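Model, not experiment: these values are computed from the prediction. Both counts, for ligands and for their atoms, begin at 1 and track the order of listing.
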Amino acid sequence: MFNPQDEARPIPELRNLQGERLRALVARAYANVPFYRAKLEAHGVAPEDIRGIDDIVKLPFTVKGEFREQYPFGMFAAPMAEIVRIHASSGTTGKPTVVGYTKADIDNWAECAARSLACGGATAEDIVQIAYGYGLFTGGLGMHYGAERLGAAALPMSAGNTEKQIMLMQDFGVTVLCCTPSYALQIAEVAEQMGVDLKKLPLKCGLFGAEPWTEAMRRHIEDLLPLKALDIYGLSEVAGPGVANECLEQHGLHVFEDHFYPEIIDPETGEPLPDGEEGELVFTGLTKEGVPLIRYRTRDLTMIYADGPCPCGRTGRRIARLTGRTDDMLIVRGINIFPSQVEDVLVSIEGVKPQYLIVVDRQGNLDTMEIKVEISEELFSDEVKKLEGLRDKIQHQIRVMLNISAKITLVEPKTIERSLGKAKRVQDLRKLTGQKGVES
Ligand code: DLL
């Protein structure tokens with residue numbers, strides 16, 4: 001354990017600490033963020049009503065759309081002079097969701113990412129290859145700070161350039177790998193093509209997350225790479241990677257509860273559900289200063305295990321592997337995409353009809369995304385050059401706005417199937433096994 005005092009804290013003491021931190025959080029949000037003040041007032045709850053952690057149910061939920069309304073900095077509780085980092089993740093349309101971190105926020109997040117690495121047995125001796133993207137996405141920098149906090153050597157590869165990843169993995173004797181599970185499989189496949197036997201490498205654990213995966217995929221990764229494959233969870237609004245992580249028991253992800261308080265609610269009614277029942281995961285960021293987070297609805301579906309303490313000694317409750325989402329967010333090559341974002345881009349381009357179908361598939365271990373777009377009759381009968389120009393324009397705009405390259409196929413008017421009810425915008429042909437034909 002990286003920090004036994006905090007990670008193995010006796011439950012009554014932990015609940016007390018959470019209560020104290022919740023009180024301070026609500027007071028901070030109320031005093032510094034007009035959005036929260038108005039919301040608490042409308043909900044009829046004052047900071048003094050919060051005495052302990054059980055009072056959390058008195059507080060209103062926060063949803064992603066509210067971040068959008070407060071774009072860019074309306075959710076910030078600290079002046080810019082105290083903000084030392086800004087990250088952002090996909091919003092449902094146009095503008096992203098923005099999060100700011102104070103120095104203390106970065107410290108706490110690095111601590112939790114270090115705890116995550118230690119969950120896999122990593123120590124200061126290790127070399128940690130970080131193949132999550134560096135940038136506005138929290139994966140790369142989050143794990144980077146975690147590795148440094150642990151005292152390990154961070155190898156800041158970012159995602160891509162797979163041959164080089166493999167070369168350095170071999171030459172440096174990398175022991176810990178952090179990337180999306182699909183990229184771990186991609187690394188294994190490319191290594192095989194290069195004739196590199198990864199089984200001979202000193203790898204010991206991998207922290208894989210940022211996208212859904214399955215137990216079958218874990219087994220497959222562990223067959224190809226000589227490491228324990230662990231699930232790591234997080235989201236930008238709450239911090240980034242390291243909100244929860246599996247330990248070597250591989251039975252649920254311990255939430256670092258002294259910083260992030262989890263609840264499971266019925267997504268329809270908002271009522272809290274008991275441990276052991278699946279519902280929507282809600283987080284309160286107990287120590288957050290930059291962007292205080294009160295009962296944030298993640299839209300992720302899971303449950304909190306009700307099967308008693310974990311043999312590893314950590315007392316943070318465990319959430320099960322995520323089973324899905326309550327909204328239509330897709331994760332393609334680790335990038336979050338809402339169909340509404342694609343629509344937003346399409347309607348801004350002349351001659352393009354808001355009739356489209358997003359087809360997501362997996363070739364080998366890489367996700368592919370194709371957008372079939374209907375165009376007007378006049379355009380369709382136009383010369384090829386013009387059509388190519390339009391296709392390139394759509395592709396460019398999608399890349400700029402969504403940060404992903406997609407294949408664009410222009411189709412004739414009225415060829416995309418119309419539905420009587422809710423339009424079907426997405427066809428997801430991926431089997432989440434990492435290998436086509438392997439059952440999940
Ligand atoms: O994906 C942070 C992260 C980076 C987590 C690296 C783990 C590793 P966002 O881009 O804000 O943050 O996306 C958050 O990704 O709400 C889930 O739907 C999904 N997600 C994250 N981890 C997992 C996981 C990062 N282990 C969204 N399993 C979340 C399934 C995951 N889905």
I'd like to know whether the aromatic ring centres of Tyr101 and Trp109 sit less than 6.0 Å apart in this structure. yes

Whether Arg318 and Asp307 form a salt bridge (side-chain N of Lys/Arg under 4.0 Å from carboxylate O of Asp/Glu) is what I want to check. yes

Arg218 with Glu215: basic N within carboxylate O range, under 4.0 Å: yes

Does Arg317 qualify as a cation-pi partner of Tyr261, given the criterion of NZ or CZ under 6.0 Å from the six-membered ring centre and within 45 degrees of its axis? yes

Side chain to side chain donor-acceptor pair (under 3.5 Å): pairs with one or both residues in residues 332-347, sequence neighbours excluded: Glu343-Tyr356

Flag the pair Asp6 and Arg115 as a salt bridge only when some basic side-chain nitrogen lies within less than 4.0 angstrom of an acidic carboxylate oxygen. yes

With a 4.0 Å heavy-atom cut-off, what residues sit around ligand 1? Ser89, Tyr132, Phe137, Thr138, Gly139, Gly209, Ala210, Glu211, Pro212, Asp231, Ile232, Tyr233, Gly234, Leu235, Ser236, Pro241, Asp300, Leu322, Arg325, Met329, Ile331, Asn336

